[in-house]
Amino acid sequence: MSEDFNMSMRKFLKQVGVTSQQAIEEAMRKAGDTSGKTFDAKIVLTINDIDLEHVVTGKIEGA
């Protein structure tokens, strides 16, 4: 893969990570006391032009 491809992919993934973390933190603040709770999380990445659907699941511990 080209260097331009790698750089654009890394830039996109960084944006996904940063904005996702901000959204989760905001939602946790709005939810109130989440200490001791575990939340199921799922991210779905789609790229329609190449028929990609990638699902990542996990758990997030409350703060």
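When a residue number appears, it is its place in the shown sequence, counting from 1.
The side chain to side chain donor-acceptor pair (under 3.5 Å) search around Asp33 returns Ser35, not counting sequence neighbours. Shown here are the side-chain contact (heavy atoms from CB on, under 4.5 Å) partners of Glu61, two or more places apart in sequence or in another chain: Thr38. Contacts of Asp40 classified as salt bridge (charged side-chain N to carboxylate O under 4.0 Å, His left out), with partners at least two apart in sequence or in another chain: Lys59. Remark: Glu53 pairs with no residue by the side chain to side chain donor-acceptor pair (under 3.5 Å) rule, at least two apart or across chains. With sequence neighbours left out, the salt bridge (charged side-chain N to carboxylate O under 4.0 Å, His left out) criterion links Glu26 to Lys30. Among residues two or more places apart in sequence or in another chain, the side-chain contact (heavy atoms from CB on, under 4.5 Å) test is passed with Thr19 by Gln15, Gln22. Residues forming a salt bridge (charged side-chain N to carboxylate O under 4.0 Å, His left out) with Lys42 (at least two apart in sequence, or on another chain): none.
Listed by chain and number, the hydrophobic cluster partners of Leu52 are Met1, Phe5, Met9, Phe12, Leu13, Val16, Leu45, Ile47, Ile50, where partners are ILVMFWY side chains within reach of under 4.5 Å, directly or through others.
Atom CD1 of residue Ile60 and atom NZ of residue Lys37 lie 14.5 Å apart, to the nearest 0.5 angstrom. Between the CZ atom in Phe39 and the CD1 atom in Ile24 there is a gap of 11.0 Å [rounded to 0.5 Å].
Environment of CG in Asp51: sparse, with no more than 12 heavy atoms of neighbouring residues, nucleotides or ligands closer than 6.0 Å.
Listed by first and then second residue, the salt bridge (charged side-chain N to carboxylate O under 4.0 Å, His left out) pairs involving residues 7-21 amount to none (not counting sequence neighbours).
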